[in-house]
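Keep in mind that this is a model prediction, so the values were computed, not measured.
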Amino acid sequence: MAQRSPFVLEAVEEFLRSKAAREDATQRSYAGILLGSERGTKKALGPPLAIHFHNRKLDSLTHDEVATWFALRVKGGSQALKHRASKGVRHFLDWAFKRGYTKRDLSTAVEVFRPGQPRHDWLSFDEIYRLIEAIPEERYRFAVRWLFWTGARVGEAVAARHRDIRWRDELQTYEWVIPSTKTHVARSVLLPDELATAYRASVKANGSRPDWPVLWDCAGRGFSRVEDPSASITPKTINNALDRATVTAGLTIKVTAHVARHSFCSNWVNDQGRDDYSIERLSRQVGTSPGVLRSTYVHFDLQPQDLAAIKSFGQRSLP
């Protein structure tokens, strides 16, 4: 029989256990909203549900209290964050109401936010070369090349090891096997000649070993930091290098590792076309479904003949 009136923390922990079979990202999202999570150097938003209502029982909460807490929780956050937080909290409160832990449908106290439209900034190849030339460190130049010429997610890139890269003699290029992806399906990425040449040079210069990272950084702390090809790089370090290079290159958009992925997809569509075969090849390269790629990167341009057809649609034909 369901517990009559659990403490908020107890209910949250039970709710999270019920989500244990979901993807890791989904679990982290719910836990971050309800229990809190580390956000690196970013300023923390308002208190999570379990912390704000510490030592309170679910059936003691009111609509006004929940609405006030949620406003504190998302204050200063982006539209996308407000959407995710609102959706997650309402899901939890609806679950608690259906479980009989409270007689009030507290989910109605949380405002519904639209997901909003993500930005899809991208760079042309001329801008990409300008950006790379503005980076003084070879290790960061290579990391940026890797992102812009593979379209990989930054997490996949920093996890790559030399044992994952192999020369395909029949194709005369390198193949990067990504064993762990966001979709949990391994995929293979072929390196363009521009990147294959840079990769071969980095292996020769560093004397790379199979278990070393493809993208490297420094070992040590502070003034004792020394470049070490066996030391992994972090997404934050890559984004910091991009920030500095963006200013030096005089680019007008904020360039991040994710912009590299958008740039790869946009440049692919512009160069290779938007037919089904081209989109399918792009899908296999970046690990995103053709449907999502089409809705994001393929834009329909209305031609004069199309406009004429629309304007004349349904007109009565006169004898």
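A donor atom on one side chain and an acceptor atom on the other are found under 3.5 Å apart for R261 and T288. For the 3.5 Å distance criterion, the side chains of Y101 and E10 fail to qualify, holding no donor opposite an acceptor. Counting only N and O atoms by type, the side chains of Q79 and R114 include no donor and acceptor under 3.5 Å apart. T237 and T234 form a side-chain donor-acceptor contact under 3.5 Å, judged by distance and modelled atom types alone.
The side chain to side chain contact (heavy atoms under 4.5 Å, CB included) test applied to H54 returns no partner, not counting sequence neighbours. For D271, the side chain to side chain contact (heavy atoms under 4.5 Å, CB included) criterion is met by no residue, not counting sequence neighbours. Legend: residues meeting side-chain hydrogen bond (donor to acceptor under 3.5 Å, both in side chains) with S230, ordered by chain and number and at least two apart, are D228. By the side chain to side chain contact (heavy atoms under 4.5 Å, CB included) test, F223 is found to be paired with no residue, residues two or more places apart in sequence or in another chain being considered. Shown here are the side-chain hydrogen bond (donor to acceptor under 3.5 Å, both in side chains) partners of R90, two or more places apart in sequence or in another chain: S86. Here S289 pairs with V292 under the side chain to side chain contact (heavy atoms under 4.5 Å, CB included) rule; sequence neighbours left out. For D169, the side-chain hydrogen bond (donor to acceptor under 3.5 Å, both in side chains) test picks out W167, Q172, with sequence neighbours left out. In this structure R84 satisfies the side-chain hydrogen bond (donor to acceptor under 3.5 Å, both in side chains) test with no other residue, sequence neighbours excluded.
Atoms CG and OG1, from L106 and T62 in turn, are 8.0 Å apart once rounded to the nearest 0.5 Å. Atom CG of L61 is separated from atom CZ of R104 by 8.0 Å, given to the nearest 0.5 angstrom. Atom CZ of R139 is separated from atom CD1 of I238 by 11.5 Å, given to the nearest 0.5 angstrom. Atom CG of residue L191 and atom CD of residue E175 lie 9.0 Å apart, to the nearest 0.5 angstrom. In this structure, the separation between CG on L35 and CG on L49 is 8.5 Å, given to the nearest 0.5 Å. Note that CD1 of I33 and CZ of F92 are 11.5 Å apart. Values are rounded to the nearest 0.5 Å.
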Does W95 form a side-chain contact (heavy atoms from CB on, under 4.5 Å) with K19? I'd like the steps, not just the answer. CA-CA 12 Å; W95 170 87; K19 302 299 178 184; over 6 Å; no
Report the C-alpha separation of H258 and V154 in whole Å, then their side-chain angles, then the decisive distance to 0.1 Å, and conclude whether the side-chain contact (heavy atoms from CB on, under 4.5 Å) test is met. CA-CA 7 Å; H258 205 59; V154 66; over 6 Å; no
Is there a salt bridge (charged side-chain N to carboxylate O under 4.0 Å, His left out) between D193 and R200? Walk through the geometry before answering. CA-CA 10 Å; D193 289 345; R200 187 181 293 109; over 6 Å; no
For Q272 and Y277, run side-chain contact (heavy atoms from CB on, under 4.5 Å): C-alpha distance rounded to whole Å, both residues' side-chain angles, the deciding distance at 0.1 Å, then the answer. CA-CA 10 Å; Q272 303 292 325; Y277 181 65; over 6 Å; no
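Using cut-offs of 30° and 60° on the angle between ring planes, the pair F142 and W146 is tilted.
Side-chain contact between F53 and W69: present, with at least one pair of heavy atoms (C-beta onward) separated by less than 4.5 Å. Looking at N267 and F148, their side chains never come closer than 4.5 Å, going by heavy atoms from C-beta outward. Residues V286 and L293 form a side-chain contact, since some pair of their non-hydrogen atoms from C-beta on lies under 4.5 Å apart. In this structure, D105 and T108 have side chains that are in contact, with non-hydrogen atoms separated by less than 4.5 Å. Looking at T150 and R145, their side chains never come closer than 4.5 Å, going by heavy atoms from C-beta outward. In this structure, the side chains of W122 and V255 stay at 4.5 Å or more apart for every pair of heavy atoms. Inter-residue side-chain proximity for L123 and I253 is flagged as met; some heavy-atom pair is nearer than 4.5 Å.
The minimum heavy-atom distance between D217 and R225, with the atom names listed, is OD2-NH2, 3.4 Å. Between R294 and D275, the closest heavy-atom pair is NH2-C, 3.5 Å. The two residues G46 and R73 make their nearest non-hydrogen contact at O-NH1, 2.9 Å. W212 and G207 make their closest contact through CZ3-O, 3.6 Å (heavy atoms, listed as atom of the first residue, atom of the second, distance). The heavy-atom pair separating I279 from V269 by the smallest distance is CD1-CG2, 4.2 Å. The shortest heavy-atom contact between A231 and C218 is CB-O, 3.6 Å.
In the hydrophobic clustering of ILVMFWY residues, with side-chain heavy atoms under 4.5 Å counting as a link, V177 and V203 come out apart. Residues L242 and F125 share a single hydrophobic cluster, defined by chaining ILVMFWY side chains whose heavy atoms lie under 4.5 Å apart.
Heavy atoms of other residues, nucleotides or ligands lying less than 6.0 angstrom from CZ of R284 number 12 at most. Residue R168 qualifies as enclosed at atom CZ: its count of foreign heavy atoms under 6.0 Å is above 12. Summarising the local packing, NZ of K87 is surrounded by 12 or fewer heavy atoms from other residues, nucleotides or ligands at distances under 6.0 Å.
Ion pairing between E111 and K82 fails under the 4.0 Å rule for side-chain N and carboxylate O. For the pair D94 and R99, the salt-bridge criterion is not met [side-chain N within less than 4.0 Å of a carboxylate O]. With salt bridges taken as basic N to acidic carboxylate O contacts below 4.0 Å, none links R141 and E137.
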Output a table of donor-acceptor pairs, distance under 3.5 Å, between side-chain atoms of residues 126-136 and any protein atom two or more places apart or on a different chain; print 'none' if there are none.
from, atom 1, to, atom 2, distance (Å)
E127, OE1, S124, N, 2.9
E127, OE1, S124, OG, 3.4
R130, NH2, A249, O, 2.6

Taking only distance into account, with no hydrogens and no angle test, what donor-acceptor pairs under 3.5 Å do side-chain atoms of residues 156-165 form with protein atoms, sequence neighbours excluded?
from, atom 1, to, atom 2, distance (Å)
E156, OE1, R153, N, 3.2
E156, OE1, R187, NH2, 2.8
E156, OE2, R153, NH1, 3.2
E156, OE2, R187, NH1, 3.0
R161, NE, D211, O, 3.4
R161, NH1, A159, O, 3.3
R161, NH2, S232, OG, 3.3
H162, ND1, Y199, OH, 2.9
H162, NE2, S208, OG, 3.2
H162, NE2, P213, O, 3.3
D164, OD2, R161, N, 3.0

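Applying the salt bridge (Lys or Arg N to Asp or Glu O under 4.0 Å) test to every pair with at least one member in residues 46-66, sequence neighbours left out, gives these pairs: R56-E65.
Residue L190 is found in a hydrophobic cluster whose other members, listed by chain and number, are L171; membership requires side-chain heavy atoms under 4.5 Å apart, directly or through intermediates.
Checked against the 6.0 Å centroid threshold, Y30 and F15 count as a close aromatic pair. For Y297 and W268, the ring centers are positioned 6.0 Å apart or more.
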